[in-house]
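Here's the structure, in structure tokens; my notes come after.
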Amino acid sequence: GEDVEQSLFLSVREGDSSVINCTYTDSSSTYLYWYKQEPGAGLQLLTYIFSNMDMKQDQRLTVLLNKKDKHLSLRIADTQTGDSAIYFCAESPNSGNTPLVFGKGTRLSVIA
Amino acid sequence: DTEVTQTPKHLVMGMTNKKSLKCEQHMGHRAMYWYKQKAKKPPELMFVYSYEKLSINESVPSRFSPECPNSSLLNLHLHALQPEDSALYLCASSQSGTGPKGYTFGSGTRLTVV
């Protein structure tokens, strides 16, 4: 079955870059997503990448996709304390015909 | 309107109570979802409604009963819950299938069963 793997914790200093990694299993996934969850809140879509792209940049966020290795990463430049949250990677398996599969989430702690 | 609204935000209920969680969206989305999320865990899919019909039930116990009265509303009826059912319950919606906008999530209902 589908499985999405992420490292569980990441700690960075304010102003540094953060890189959160994810591996997924379904090579037919059309879209891959990054969601952010702050304490006590729902999941907020941060960004997505289409499977025929290898990079997408959106302000401080850069998404890299290595389709051969099924590896996705999210880089946050100039990390701020407000970026402290849990980040979930998600894939849309079976070309979008089945529900999203979420990774276990990476808890990012930003140290001032 | 680009939001999914969930009510109530917090709910405390006894094991013999009956209560309902509500979810509403006005984005014209035709798929709606219920997720359960325990602390420090990813969301777990419970139910999927597509075009107001239940399309996926992830072997959820019958004490959870979903209902989709119309394309904008999704309810989750709760009865005879157990303390281990305490969790954050998240509703989400999407266009049919998935696309670049993924799912839009509500803020959740924090449920405590006592």
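At a 4.5 Å heavy-atom cutoff, the contact between B:Gln37 and chain A is made by side-chain atoms alone. Neither the backbone nor the side chain of A:Gln44 comes within contact range of chain B, judged by heavy atoms closer than 4.5 Å. With a 4.5 Å cut-off on non-hydrogen atoms, A:Tyr33 touches chain B through its side chain but not through its backbone. In this structure, chain B has a heavy atom under 4.5 Å from the side chain of A:Leu45, while its backbone stays farther away.
Paired with B:Pro43 under the rule side-chain contact (heavy atoms from CB on, under 4.5 Å), one option of B:Tyr33, B:Tyr35, B:Trp34 passes, and it is B:Tyr35.
The cationic atom of A:Lys56 (NZ for Lys, CZ for Arg) lies less than 6.0 Å from the six-membered ring centre of A:Tyr48 and within 45° of the ring axis.
In this structure a side-chain-to-backbone donor-acceptor pair under 3.5 Å is missing from B:Arg110 to B:Leu11.
Hydrophobic clustering keeps A:Ile86 apart from B:Tyr89 (ILVMFWY residues linked when any side-chain heavy atoms are closer than 4.5 Å, directly or through intermediates).
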